[in-house]
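Comments concern the structure below.
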Amino acid sequence: MNDRSSRSHTIFRITVERKKKIGAAAAKPSGVGVAGKENGGGTTSKAASARKADVGAPVKLVATLNLVDLAGSESVKNTGAIGRRRREATKINQSLLTLSGVITDLGKAGKGGRSFVNYRGAKLTMILQSSLSGNARMAMICCATPSGAYTTETKSTLQFASSAALVKTS
């Protein structure tokens with residue numbers, strides 16, 4: 001284990017909100033003439049009335065960027081951690097295991113597998129839920145060591161990366 005490691009996950013979240021008013025041109029429905037009546041000369045449709053009511057109403061657009069630095073899994077037998085450090089390692093490993101399960105389930109869901117994904121197993125997965133599914137784009141960088149002493153951890157990291165590659169977000 002790295003002596004200078006923080007032994008924690010870090011999430012840096014940037015949220016940008018933009019409020020924009022709907023202009024008259026954007027709110028004009030297709031098939032409605034200048035006077036607000038349907039092109040056939042009939043009465044104003046309900047959809048046209050609803051869109052007219054939205055003119056000038058603010059629309060909020062929200063974008064979020066999550067930059068996440070995950071702590072590496074720690075093998076207690078390799079680190080010799082005891083007491084508080086051992087409990088920290090246990091929590092880190094538990095959250096990484098939960099994240100791995102969520103990533104695996106999302107990869108299966110993209111291939112027609114399970115549709116339910118349990119994000120509630122760890123705070124980390126609950127925080128990242130909107131980034132892992134839905135209207136999002138995801139990129140992941142995994143680091144591995146060439147050291148022969150950590151082949152199990154390196155193999156686990158590469159398996160995690162291949163599961164993450166199967167996740168399809170819209």
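A quick note: this is a predicted structure, and the numbers were derived from the prediction, not measured.
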Determine all donor-acceptor pairs shorter than 3.5 Å in which one atom belongs to a side chain in residues 11-20; sequence neighbours excluded.
| unit_1 | atom_1 | unit_2 | atom_2 | d |
| --- | --- | --- | --- | --- |
| Arg13 | NE | Asn66 | OD1 | 2.7 |
| Arg13 | NH2 | Ile127 | O | 2.8 |

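- Looking only at side-chain heavy atoms (C-beta outward), Thr64 and Val62 come within less than 4.5 Å of each other.
- Ser95 meets the side-chain hydrogen bond (donor to acceptor under 3.5 Å, both in side chains) test with His9; sequence neighbours excluded.
- For the atom pair CZ (Arg86) and NZ (Lys91), the distance works out to 14.5 Å, reported to the nearest 0.5 Å.
- Placement of Leu97 and Val117 in two distinct hydrophobic clusters is found when ILVMFWY residues are connected by side-chain heavy-atom separations under 4.5 Å, directly or transitively.
- The side-chain hydrogen bond (donor to acceptor under 3.5 Å, both in side chains) search around Ser133 returns Tyr119, not counting sequence neighbours.
- Taking Ile, Leu, Val, Met, Phe, Trp and Tyr as hydrophobic and joining them when side-chain heavy atoms fall under 4.5 Å apart, one finds Leu158 isolated, its cluster having no other members.
- In terms of heavy-atom proximity, Thr125 sits nearest to Leu99 at CG2-CA, 3.6 Å.
- Looking at every heavy atom in both residues, Ser131 comes nearest to Ala136 through O-CB, 3.6 Å.
- To the nearest 0.5 Å, atom CD of residue Gln159 and atom OG1 of residue Thr104 are 9.5 Å apart.
- Scanning both residues, Thr157 and Cys143, for their nearest heavy atoms gives CG2-O, 3.7 Å.
- Between Thr154 and Thr145, some side-chain heavy-atom pair lies under the 4.5 Å cut-off.
- The CG atom of Leu124 lies 11.0 Å from the CD1 atom of Ile92; values are rounded to the nearest 0.5 Å.
- With sequence neighbours left out, the side chain to side chain contact (heavy atoms under 4.5 Å, CB included) criterion links Met126 to Arg120.
- Grouped by direct or indirect side-chain proximity (heavy atoms under 4.5 Å, Ile/Leu/Val/Met/Phe/Trp/Tyr only), Ile82 sits alone.
- Using a 4.5 Å cut-off on side-chain heavy atoms (C-beta onward), Leu132 and Leu106 make contact.
- Here the closest non-hydrogen pair linking Cys142 and Phe160 is SG-CD2, 4.3 Å.
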Residues Met140, Met138; criterion side-chain contact (heavy atoms from CB on, under 4.5 Å); working and verdict: CA-CA 7 Å; Met140 190 172 294; Met138 181 177 67; 4.3 Å; yes

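- Distance check: Asn118 CG to Gln129 CD gives 9.5 Å after rounding to the nearest 0.5 Å.
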Criterion side-chain contact (heavy atoms from CB on, under 4.5 Å) on Thr98 and Leu96, from CA distance to verdict: CA-CA 5 Å; Thr98 303; Leu96 289 171; over 6 Å; no

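- Looking at Leu70, Asp69, Val68 one by one, the single match for side chain to side chain contact (heavy atoms under 4.5 Å, CB included) with Thr10 turns out to be Asp69.
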